[in-house]
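Here's the structure, in structure tokens; my notes come after.
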Amino acid sequence: MNIKLISFAFLVGGLILINKHVNVNAFPTSQLKARQDPGTLGAFNIVGNSGVNAMHAVLVAPRKVVFIDKVEQNQLKRPDGVSAISSEYDLDTNTAKPLGIYTNTFCSAGSWLGNGTLVEVGGDVVNGNAYRSGVQTLRLYDTGVGDWVELEGIVPSNRWYPAMLTLPNGNVMVVGGSTAGAGKNKPEINNPTYMIYPPPSGKLVDVPLDLLTTALPYNLYPIVHVIPNSEGKTLLFMFANQMGIQYDLDAGKTLFNYPNIPGGIRSYPLTGSSVILPLSPTDNYNPTIMICGGNKDFEITSPAESSCGRLELTTANAAWEMDNFGGQGRVMPDSTILVDGSILFVNGAATGRAGFRSGKGANSIFVNEDPVFTPFLYDPFAKTYKTLAASTIPRMYHSVSTLIPDGTVLIAGSNPQPDVTLDVKYPTEYRVEIFTPPYLYTQIPRPHIISLQTTSIDNNRINVNYGQEVTMIVQIKSNGSPPSLKAAIIHHGFVTHSQNFSQRYVYLEITNFWYDSTTPDQYILTIKLPPNPTVIAPGPSYIYVFNYDSPPLSGAPVLLTQAT
Ligand SMILES: *[C@@H]1O[C@H](CO)[C@@H](O)[C@H](O)[C@H]1NC(C)=O
Ligand SMILES: *[C@@H]1O[C@H](CO)[C@@H](O)[C@H](O)[C@H]1NC(C)=O
Ligand SMILES: [Cu+2]
């Protein structure tokens, strides 16, 4: 079906208008809050082998995830016979194939350019004959090419444990890190600067950032998010240790300091996780950051931090609102926003910090202990936690979690040691799990997104623009009872070390909604995309339409750009 057929059908009276021009004020906030309790706790299933340890994970297509590891002796080999450190995982066949990385990626970062190319930066020094230095390497991955291109030595300073972010103009920002590996950072190896790629001046340069000095020694993998605003300014929330600032990137200056977060330290190796809670047009995308877990002391017996803080980033004099993180301390938790806007907290340890084991075999001493097997589902509206079904696999240092467009969550990795070790209590972990959240167990019919702007949904990204109203055809086998639809756009981000660079969840206004009586179970919707790239990063995202809290069979892949 295409647009012409829609207007034809409308003329012959085949379309029944259910809800014309739902304006922003009438956008049903009550519906956002109404959650179905399906009475189940979800389930983990082990589905395959990641080939390399999943230190980083990034969804590159609806059914494909790329993993990146550090240099180590993985079973999966590159064509030249050397152990691979990056793989592409196919979610349909549950198999991993090696990708071509030739420089040391321990521990780098990544984020999408607005044009849909993934950028990955940094790492560690030369490793044997097989891996060249990665500390000044910039890597590019295009879904069309399906493999890495490495630009060695182009990064002006060494970057180990930097953060990355997609900027509203589509460039990426690389923030901080150290110039060499360290258990925790120190002044001699600190890199208190950021750089932007592609460089606006034509030449890659490092720009000083004071926060990265103030927050020593806990400033690695800093937390960085774009603050939504209607003026289109590039305002950033930057945070490390316990300190947050608002930074004006256009002016190159710190505007003010936020209050310090109470409780423990939140940055590597006392690693916590951050998430910008779902944004909504109903309150003009008022952003709330939530930062969870970490630890108080750099001490391997220290219990993990059992608090989360929520802070409204654009409310004057806002204070941190603290809770007990569902009653369970975690260091290195992963926070994954699900299709219905709830947050899944998973993975991590109840004791210790990020880092490698010392000693061998039975004498091993792990710096992270007491793995937390149970995920918590957090409702950002009710501010409640629900304990879900547990995994059987410890997932501590170097593990990941990411949303898949079918509404499930891929969970992989854990490797608290310098090289592949299988005969220890917490071995190098290759098993990939899929967690099926409770919302997939309801009897509520799942929408099937057939087309977007007349293009059928497959694995290809459909080009859309900020502020655009897009038409979608959705099938819902609702047995006569009317569906209750909501829509959202999700930028899935780049996941590593409990951070999720450029992650974003934004509710979308449904502006029109018809039932197409000419085709059984078929609905036609128009959906309004966010107004500007400070609300959600340009580049690859997925549009979701869900019925009550029941996710679609798959989100629609789009490439979101500014109209030219
Ligand atoms: C996106 O921009 C980068 C940097 O300029 C370039 O290397 C890459 O080829 C571009 N990707 C596409 C799909 O045009
Ligand atoms: C990162 O955020 C995106 C978007 O909210 C989500 O889909 C993804 O699963 C998140 N993953 C983690 C580990 O936070
Ligand atoms: Cu690491």
Side-chain angles (χ1 to χ4, degrees), residues 52-57 60-61 67-72 85 104-124 134-135 138-151 154-155 159-164 166-167 169-174 176-178 180-185 195-204 220-222 267-271 331-332 334 347-349 353-357 367-368 395-400 413-419 428 460-461 463 494-499 501 537-540 559-561 564:
V52 305
N53 178 59
M55 178 177 82
H56 305 333
V60 296
F67 295 123
I68 303 165
D69 192 0
K70 64 183 191 289
V71 176
E72 56 189 325
I85 58 168
N104 192 345
T105 45
F106 169 62
C107 282
S108 46
S111 203
W112 293 95
L113 287 171
N115 70 6
T117 296
L118 179 68
V119 186
E120 223 274 344
V121 172
D124 208 349
V135 259
L138 186 143
R139 308 169 188 89
L140 299 169
Y141 176 98
D142 273 299
T143 314
V145 178
D147 210 341
W148 294 99
V149 173
E150 296 187 276
L151 307 175
I154 74 157
V155 178
R159 299 274 178 188
W160 187 84
Y161 274 66
M164 282 178 68
T166 305
L167 296 172
N169 66 7
N171 294 349
V172 295
M173 182 178 189
V174 186
S178 57
K184 64 181 168 186
N185 206 359
M195 69 158 218
I196 289 167
Y197 179 85
S201 69
K203 186 172 183 292
L204 280 166
L220 295 176
Y221 281 128
S267 301
Y268 175 88
L270 309 182
T271 305
V331 59
M332 302 175 290
D334 282 302
N347 299 343
R353 59 177 151 91
F356 294 152
R357 184 201 88 232
V367 299
N368 29 210
R395 306 269 189 197
M396 301 193 289
Y397 188 45
H398 286 173
S399 60
V400 293
S414 190
N415 191 21
Q417 39 245 330
D419 201 354
T428 307
N460 297 314
R461 297 171 188 151
N463 291 308
F494 180 104
V495 180
T496 190
H497 293 78
S498 303
Q499 308 308 318
F501 303 129
L559 188 77
L560 180 58
T561 51
T564 43

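Ligands are counted one by one from 1 in listed order, and the atoms in each one are counted from 1 as well.
Each of the following atoms of ligand 1 lies closer than 4.0 Å to a heavy atom of L140: 7 (O). Below 4.0 Å from some heavy atom of N115 lie the following atoms of ligand 1, by number and element: 1 (C), 2 (O), 3 (C), 8 (C), 10 (C), 11 (N), 12 (C), 13 (C), 14 (O). Heavy-atom contacts of P198 reach the following atoms of ligand 1: 4 (C), 5 (O) (cutoff under 4.0 Å).
Remark: side-chain polar atoms of R159 are not paired, donor with acceptor, to backbone N or O of V121 under 3.5 angstrom. Side chain of T166 to main chain of W112: a donor-acceptor pair is present (N/O by atom type, distance under 3.5 Å, no hydrogens or angles). Remark: side-chain polar atoms of N347 are paired, donor with acceptor, to backbone N or O of V400 under 3.5 angstrom.
When each of F67, Y141, F494, Y221 is paired with H56, the ring-ring contact (aromatic ring centres under 6.0 Å, His included) condition holds for F494 and for no other.
Remark: R353 engages no residue in a side chain to side chain donor-acceptor pair (under 3.5 Å) (not counting sequence neighbours).
Relative orientation of the F106 and Y161 rings is perpendicular, given thresholds of 30° and 60° on the angle between their planes. The aromatic rings of F356 and H398 sit perpendicular to each other, their planes meeting at more than 60°, with 30° as the lower class boundary.
Between L113, V172, T117, it is T117 that holds the heavy atom closest to atom 13 (C) of ligand 1.
Around the Cu ion (ligand 3), the protein N, O or S atoms closer than 2.8 Å are C107 SG, Y161 OH, Y397 OH, H398 NE2, H497 NE2, listed by chain and residue number.
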Checklist entry - What do the steps show when you test Y397 against M55 for side-chain contact (heavy atoms from CB on, under 4.5 Å), and what is the final call? => result CA-CA 8 Å; Y397 188 45; M55 178 177 82; over 6 Å; no
